Structures are given as C-alpha cells and as structure tokens.
Amino acid sequence: SLAPTLAAAALAFIGSTGAAVAQDAFEPNDLCVDAMARPLGLTQGLTLGPDDDFFSTTVAPNSELTVAATDLSAGALDVNLFDAGCANLIATSTGASLSYFNCGPAPLSVVIEVPGAAFTDLDYELELTEFTVVDDVLEDNDTCSSGALVAIQTFTTPDLMVTGCDEDYYVARLQRAGVQIQVDLLFDHSQGDIDVELLPFDTVNGCNPAAPFAQGLSTDDNESVGYVNTTNPTMAEAVVIRVFMKNGVGF
C-alpha cells in the first residue's frame with residue numbers, strides 16, 4: 001500500500017516545479033475571437049508571452065488611430081492591425097508604433113494583435129490615440145472635376161488639410177502666354193509626405209494625370225513647382241494643381 005502513496009507524492013512534487021505563466025486582467029485574449037475591447041488612452045498592467053494578445057477598438061471616420069505597445073523600459077513592441085474577425089491584415093509595424101487612417105464615412109471596428117512568441121511574462125502597456133481630420137475651408141475639392149478656383153496672384157493660404165484618402169485639387173487660369181504659376185507647399189514631413197503636380201486641364205475629365213507639366217516628389221519638408229503658359233498664338237490656359245500624400249499614407 002506504500003507504492004501508490006509515494007507515487008502520488010512524487011507526482012505532486014514534480015507538478016509544483018513548473019513556472020506559472022502570469023495572467024493579466026484581460027486574459028484570456030490569446031485569439032482574435034477573444035479580443036478584449038479597449039477605449040482610447042493608456043492600458044497598463046499587461047503581460048505578454050508566450051501567447052499573443054488581442055484587443056479590439058473602433059476608429060472614427062476620417063481619423064487616424066495610433067497604437068503603441070511598449071515594455072516598461074519604453075521599448076516598442078511589434079503590432080499588427082486586422083479588420084474585425086481578423087480575415088485581413090490591414091497594417092503592421094515592427095518595433096515601432098502603428099498608425100492607420102480610416103477614410104470613413106463610417107466608424108471602423110479593428111483588432112489589434114501584440115505578438116508574444118518571443119516573450120514570457122513581459123510587462124507592457126498599450127496606448128491608443130486618435131486624431132480626427134477636419135476638412136479645410138476649400139472643401140469639397142477632392143477630385144479633378146471639383147477643384148477650387150485659384151486666383152492668379154501672390155497669396156498664401158494657411159491651414160489646408162490633405163489626407164491619404166482625400167486629395168486636393170485647385171484650378172488656376174493663366175490669362176496669356178508668358179504668365180507663370182509658382183506653387184509652394186509648406187509642411188512638416190514628419191507628419192506625412194505631401195507631393196504636388198501641375199496637370200493640363202481637360203474639359204472632359206477635369207485634368208489629365210498622364211501628362212503632368214511639373215511634379216514635386218521629394219522626400220523632405222516642402223515642395224515647389226512652376227509652369228509658364230507657352231501658347232502660340234497667345235491664349236488663356238487652365239492648369240490643375242493636385243496635392244496628395246505619397247502612397248496614400250498620412251495626413
């Protein structure tokens with residue numbers, strides 16, 4: 001009768017040596033279907049690994065969501081962003097915060113994954129922030145055929161807004177041969193890479209994007225382009241100014 005008692009004691013001892021995996025208040029959220037809803041702001045007291053963590057949130061229309069997962073030494077963790085149900089990966093970031101712009105017009109449900117395979121009981125925080133874009137006073141000028149008319153004179157228009165899914169178009173009229181248009185875009189490249197093109201006016205489609213007169217496509221602050229009416233005999237010429245985000249990213 002001693003053998004079963006000793007065996008049970010041995011099994012109990014062996015079982016107690018395994019290290020327990022820490023669980024935070026949002027577990028179990030190891031699968032997309034178990035994603036825990038989180039509001040905007042900072043969520044603290046999270047632990048990661050070896051399983052992944054999934055969270056859900058909603059991005060407002062015409063808004064950019066930024067997701068930052070960081071360990072307690074402020075080291076950035078990987079982040080993936082899926083649509084609801086995780087059928088499609090819509091954004092990913094390695095060792096940095098992730099940003100995603102919802103073009104609208106409706107709120108968008110998304111799922112955030114923080115991969116945990118490389119960690120065991122890593123303490124971390126998750127911060128969600130959102131910036132909503134408010135259109136400028138010259139909207140709606142999002143297409144070639146809806147460009148805001150620009151007077152030919154020296155002027156500066158501050159506080160304009162362009163996004164990755166909302167280009168801006170303007171139409172300028174050069175009254176005769178020799179009249180020049182100069183367009184300077186002033187912006188902070190860290191917020192996004194804005195580019196500009198001068199396009200021929202087209203009476204059917206509004207403009208001809210296949211044959212730009214000039215382009216400003218640099219990868220730093222500001223852009224500058226120019227064009228001179230060279231018609232002969234002299235006549236008025238319309239030019240379309242297209243302002244857009246490179247690769248449709250940012251605002």
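This structure is a prediction, so every number in the text was calculated from the model and none was measured.
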[X] vs [Y] side-chain heavy atoms within contact, under 4.5 Å:
X: Thr47; Y: Gln23; value: no
X: Asp71; Y: Asp123; value: no
X: Asn205; Y: Cys144; value: no
X: Ile112; Y: Leu128; value: yes
X: Val183; Y: Val243; value: no
X: Thr129; Y: Leu40; value: no

Would you mind listing every ring-ring contact (aromatic ring centres under 6.0 Å, His included) that reaches into [range], with sequence neighbours excluded?
range: residues 60-87; answer: none
range: residues 164-207; answer: none
range: residues 44-67; answer: none

Say you draw a straight line from [atom1] of [X] to [atom2] of [Y]; how long is it, rounded to the nearest 0.5 Å?
X: Leu160; Y: Asp136; atom1: CG; atom2: CG; value: 5.0 Å
X: Thr94; Y: Leu77; atom1: OG1; atom2: CG; value: 11.5 Å
X: Asp188; Y: Asn222; atom1: CG; atom2: CG; value: 9.0 Å
X: Leu89; Y: Leu81; atom1: CG; atom2: CG; value: 8.0 Å
X: Ser145; Y: Asp142; atom1: OG; atom2: CG; value: 10.5 Å
X: Leu65; Y: Tyr100; atom1: CG; atom2: OH; value: 10.0 Å

[X] and [Y]: which non-hydrogen atoms are nearest, and at how many Å?
X: Ser63; Y: Thr132; result: OG-OG1, 2.7 Å
X: Thr58; Y: Ser109; result: OG1-OG, 4.0 Å
X: Tyr124; Y: Leu48; result: CE2-CB, 3.4 Å
X: Asn80; Y: Pro115; result: ND2-CG, 3.7 Å
X: Val162; Y: Phe244; result: CG2-CA, 4.1 Å

Under the side-chain contact (heavy atoms from CB on, under 4.5 Å) test, residues paired with [X] that sit two or more places apart:
X: Pro61; value: Pro107
X: Gln182; value: Gln180, Asp184, Ser224
X: Ala177; value: Asn229, Thr231, Thr234
X: Asp34; value: Leu31

Asp195: salt bridge (Lys or Arg N to Asp or Glu O under 4.0 Å) partners, not counting sequence neighbours:
Lys246
State which residues pass salt bridge (Lys or Arg N to Asp or Glu O under 4.0 Å) with Glu127; sequence neighbours excluded, sorted by chain then number.
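Salt bridge (Lys or Arg N to Asp or Glu O under 4.0 Å) list for Glu127, sorted by chain: empty.
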Could you walk me through whether Glu125 and Leu72 pass the side-chain contact (heavy atoms from CB on, under 4.5 Å) test, one step at a time?
CA-CA 7 Å; Glu125 301 174 340; Leu72 300 190; 4.1 Å; yes
Indicate if [X] and [Y] have the same hydrophobic cluster label, given that clusters are the connected sets of ILVMFWY residues with side-chain heavy-atom separations under 4.5 angstrom.
X: Leu198; Y: Met245; answer: yes
X: Val228; Y: Val225; answer: no
X: Val59; Y: Leu126; answer: yes

Do the side chain of Asn29 and the main chain of Met36 share a donor and acceptor less than 3.5 angstrom apart?
no
Short question: side chain of Asp83, backbone of Asn88 - any donor-acceptor pair under 3.5 Å?
yes
Could you please spell out the steps behind the side-chain contact (heavy atoms from CB on, under 4.5 Å) verdict for Glu130 and Thr57?
CA-CA 11 Å; Glu130 188 175 83; Thr57 193; over 6 Å; no
With a 3.5 Å cut-off and sequence neighbours excluded, list the donor-acceptor pairs that the side chains of residues 206-220 form with protein atoms.
from, atom 1, to, atom 2, distance (Å)
Asn208, OD1, Ala210, N, 3.1
Gln215, NE2, Glu197, OE2, 2.7
Ser218, OG, Asp220, OD1, 2.9
Ser218, OG, Glu223, OE1, 3.2
Ser218, OG, Glu223, OE2, 2.7

Please step through side-chain contact (heavy atoms from CB on, under 4.5 Å) for the pair Asp53 and Phe26, ending with a clear verdict.
CA-CA 9 Å; Asp53 283 350; Phe26 300 97; over 6 Å; no
Quick one: which residue pairs count as a salt bridge (Lys or Arg N to Asp or Glu O under 4.0 Å) with a foot in residues 91-101, not counting sequence neighbours?
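Salt bridge (Lys or Arg N to Asp or Glu O under 4.0 Å) check on residues 91-101 returns no pairs.
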Within residues 157-172 or reaching into it, pairs that qualify as salt bridge (Lys or Arg N to Asp or Glu O under 4.0 Å) - sequence neighbours excluded
Glu167-Arg242
Run the side-chain contact (heavy atoms from CB on, under 4.5 Å) check on Asn62 and Phe101 step by step: do they pass?
CA-CA 7 Å; Asn62 214 34; Phe101 195 89; 3.8 Å; yes
